[in-house]
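To find a chain, count down the sequence lines: A is the first, B the second, and so on, and within it residues start at 1. Every heavy atom of this structure was used, including side-chain atoms; hydrogens, water molecules and symmetry mates were not.
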Number of protein chains: 2
Amino acid sequence: MFVKNVIAHQALFAGLTDEQLTGLASVIVDKPYEKGEVIFVEGTPAKGFYIVAQGRVKIFKSAPDGREAVLHVFGPGEPFGEVAVFQGGTFPAHAMTVEKSRLLFLPRDALVARISSDPTLALNMMAALSGRLRQFAGKIESLTLKETPQRLAAYLITASELKDGADSFSLDIAKGLLAGMLGTARETLSRALGRMVEEGMVAVEGRQITILDRTSLEALAAGVETL
Amino acid sequence: MFVKNVIAHQALFAGLTDEQLTGLASVIVDKPYEKGEVIFVEGTPAKGFYIVAQGRVKIFKSAPDGREAVLHVFGPGEPFGEVAVFQGGTFPAHAMTVEKSRLLFLPRDALVARISSDPTLALNMMAALSGRLRQFAGKIESLTLKETPQRLAAYLITASELKDGADSFSLDIAKGLLAGMLGTARETLSRALGRMVEEGMVAVEGRQITILDRTSLEALAAGVETL
DNA sequence: CGAAAATTTGACTATGCTCAAGGCGAGTGG
DNA sequence: CCACTCGCCTTGAGCATAGTCAAATTTTCG
């Protein structure tokens with residue numbers, strides 16, 4: 001029942017009947033992962049895709065020297081690895097837990113079969129994929145046209161909005177990981193954040209961020225898409 | 001019949017019956033565009049999506065100062081703007097012709113209706129969206145982890161492959177546009193290409209490129225994803 | 001052939017990366 | 001309960017890539 005409860009509230013499966021959900025739940029495998037565990041490696045043939053039930057997963061590309069470009073960090077309820085189901089058949093990037101997690105695995109065939117017979121699921125899936133594309137487009141824009149402080153400002157604004165617009169909130173990922181998401185080095189992120197503190201825009205205590213001057217922060221972020 | 005001929009050979013519509021194609025063709029609008037004409041602007045509500053029949057279209061984001069991040073350059077047969085149909089309802093970026101073109105417009109409702117009734121079309125569409133995501137992931141990786149010469153080398157290798165692996169081929173876009181695609185400035189691209197010429201890797205005459213030392217070029221591009 | 005667009009080149013600057021070292025904090029074993 | 005260790009973060013110094021501005025040059029098209 002745990003599995004069904006997790007999927008029942010996801011946008012991806014919105015509009016499915018209780019019966020359909022039960023059917024899906026029956027083919028899903030629920031598996032625990034430790035922090036830092038590799039889920040899959042880029043290029044591996046995919047037999048299905050995953051949904052985060054608990055914990056957090058990063059999707060990333062890596063350079064030989066160990067640097068990483070973080071494409072996504074997914075939390076509870078979010079699906080990942082679907083791309084491989086529909087095109088190419090192999091995972092397009094690496095996936096690793098960043099916390100102790102619990103993941104659901106949905107086999108490819110089961111998904112394709114259901115999509116073929118249920119237009120709602122198909123349209124949900126397309127909406128999900130389209131949303132990702134939009135996000136990536138924003139990321140490419142920001143990497144190409146903006147600098148680190150602007151990207152950071154945009155991230156902080158968005159993070160605040162996700163916490164209902166609170167001025168003070170906690171980052172839910174480590175700063176090193178955030179640096180990877182912003183496409184920069186840990187050191188550069190640290191300095192950029194330091195400068196914001198100096199200028200009185202924000203206060204920082206560990207992962208706790210307090211926005212002191214939202215107006216300036218927004219001005220800095222102007223025109224930068226959500227990451 | 002022109003419209004039907006164009007769509008009949010696209011991956012997106014593969015597997016559709018002749019009858020279905022005729023039906024689609026009947027709701028498609030065929031429209032000519034001059035070079036440099038705006039097709040749509042980011043944020044505009046989308047009433048449907050487009051397919052390039054002839055010519056070439058760039059999809060891009062732009063900064064207030066005029067700099068551009070080119071997300072795609074689409075040629076004959078390629079669809080664009082679908083994201084808006086499935087999610088959000090507005091176009092995620094700007095679109096402009098870079099050559100005199102002829103574009104097909106497919107209204108949203110017609111597409112959604114057909115997808116709902118035809119799983120083949122739905123799966124084709126998901127494959128197309130997934131392919132884009134893969135491409136974007138590669139672009140983000142290369143922007144984050146690689147430098148201009150490496151990105152350029154990867155582009156040249158790919159361009160050569162698209163021309164059946166010929167050592168000598170013609171770029172089908174202007175160099176300024178290429179710079180935008182590689183996420184760099186015209187001047188930087190020019191210098192990077194100049195260095196490759198100095199080092200005897202390639203010869204350049206206007207848009208004509210000749211690969212002289214494919215091995216070195218590949219070594220330089222190593223690990224960089226296709227853009 | 002001439003105007004406009006695209007490209008190249010030069011000089012300068014700056015953003016951000018790398019390498020290196022030091023600090024902080026949480027969890028752990030003694 | 002405390003000292004220790006490990007992981008994570010910060011700070012400093014130097015350097016390299018690439019961006020900007022400006023101007024010369026080439027190419028494209030009408």
Side-chain angles (χ1 to χ4, degrees), chain A residues 34-36 56 58 63-70 96-100 142-153 170-198 202-209 220 224, chain B residues 34-36 56 58 62-70 73 96-100 142-153 170-198 202-209 220 224:
Chain A
E34 290 306 312
K35 173 177 175 175
R56 226 167 275 278
K58 72 172 172 185
D65 63 9
R67 283 177 308 134
E68 293 180 353
V70 178
M96 179 184 278
T97 52
V98 294
E99 298 173 7
K100 187 168 182 173
S142 109
L143 287 169
T144 306
L145 302 176
K146 319 286 177 161
E147 286 154 11
T148 299
Q150 300 174 294
R151 306 206 286 259
L152 174 57
S170 175
L171 292 175
D172 40 31
I173 57 174
K175 287 186 191 138
L177 186 53
L178 175 56
M181 287 184 71
L182 298 180
T184 193
R186 280 192 310 286
E187 294 93 326
T188 303
L189 173 64
S190 183
R191 284 184 250 267
L193 200 49
R195 216 167 310 137
M196 282 183 184
V197 171
E198 275 177 29
V202 300
V204 179
E205 272 188 52
R207 286 196 184 184
Q208 194 67 24
I209 305 288
L220 190 55
V224 182
Chain B
E34 290 307 310
K35 172 175 175 176
R56 225 165 276 279
K58 72 172 172 185
S62 62
D65 63 8
R67 284 176 309 134
E68 293 181 353
V70 178
V73 175
M96 179 185 278
T97 52
V98 295
E99 300 174 6
K100 187 166 180 174
S142 109
L143 287 170
T144 306
L145 303 176
K146 319 287 177 159
E147 287 154 9
T148 299
Q150 301 174 292
R151 307 206 285 258
L152 173 58
S170 174
L171 292 175
D172 41 31
I173 57 174
K175 288 186 189 135
L177 186 53
L178 176 55
M181 288 184 69
L182 298 179
T184 192
R186 284 191 309 283
E187 295 94 324
T188 303
L189 173 64
S190 182
R191 283 185 249 267
L193 199 50
R195 214 168 309 135
M196 283 184 182
V197 171
E198 275 178 28
V202 300
V204 179
E205 273 188 50
R207 285 196 183 183
Q208 193 66 23
I209 305 287
L220 190 56
V224 183

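In this structure B/T188 satisfies the side chain to side chain contact (heavy atoms under 4.5 Å, CB included) test together with B/T148, B/T184, B/A185, sequence neighbours excluded. Among residues two or more places apart in sequence or in another chain, the side chain to side chain contact (heavy atoms under 4.5 Å, CB included) test is passed with B/T144 by A/A69, A/L143, B/I140. For the side-chain hydrogen bond (donor to acceptor under 3.5 Å, both in side chains) test, no residue two or more places apart in sequence or in another chain qualifies with B/E147. Remark: B/R56 pairs with B/E99 by the side-chain hydrogen bond (donor to acceptor under 3.5 Å, both in side chains) rule, at least two apart or across chains. Evaluation of the side-chain hydrogen bond (donor to acceptor under 3.5 Å, both in side chains) rule for A/Q208 yields A/S168 as partners, not counting sequence neighbours. Every residue meeting the side-chain hydrogen bond (donor to acceptor under 3.5 Å, both in side chains) condition with B/R67, not counting sequence neighbours, appears here in chain and number order: B/D65. Residues satisfying the side chain to side chain contact (heavy atoms under 4.5 Å, CB included) test with B/V204, not counting sequence neighbours, are B/K175, B/L193, B/V197, B/V202, B/I209.
Using a 4.0 Å heavy-atom criterion, one finds that A/R67 contacts the sugar-phosphate atoms exclusively.
In plain terms, the two heavy atoms of A/R195 and A/P149 that are nearest each other are NH1-CG, 4.2 Å. Scanning all heavy atoms of the two residues, the minimum distance from B/K146 to B/Q150 falls at CA-OE1, 3.4 Å. Contact between B/S142 and B/R151 at its shortest, heavy atoms only, is OG-CD, 3.1 Å. Scanning both residues, B/L189 and B/A179, for their nearest heavy atoms gives CD2-N, 3.7 Å.
If one axis is set at each end of the helix from C/dC1-D/dG30 to C/dG30-D/dC1 from five pairs, those axes are 40° apart, to 10°.
Read 5' to 3', the first and last nucleotides of DNA chain C with an atom closer than 4.0 Å to a heavy atom of chain B are C/dT7 to C/dA11. With a cutoff of under 4.0 Å to any heavy atom of chain A, the contacted region of DNA chain D is bounded 5' to 3' by D/dC9 to D/dA13.
Listed by residue number, the members of residues 183-198 of chain B with any heavy atom below 4.0 angstrom from DNA chain D are B/T184, B/A185, B/E187, B/T188, B/R191. Contacts with DNA chain C (heavy atom under 4.0 Å) in residues 171-179 of chain A: none are found.
From B/R191, atom CZ reaches atom CG of B/L152 across 14.0 Å, with rounding to the nearest 0.5 Å.
Between A/I173 and A/M181, some side-chain heavy-atom pair lies under the 4.5 Å cut-off.
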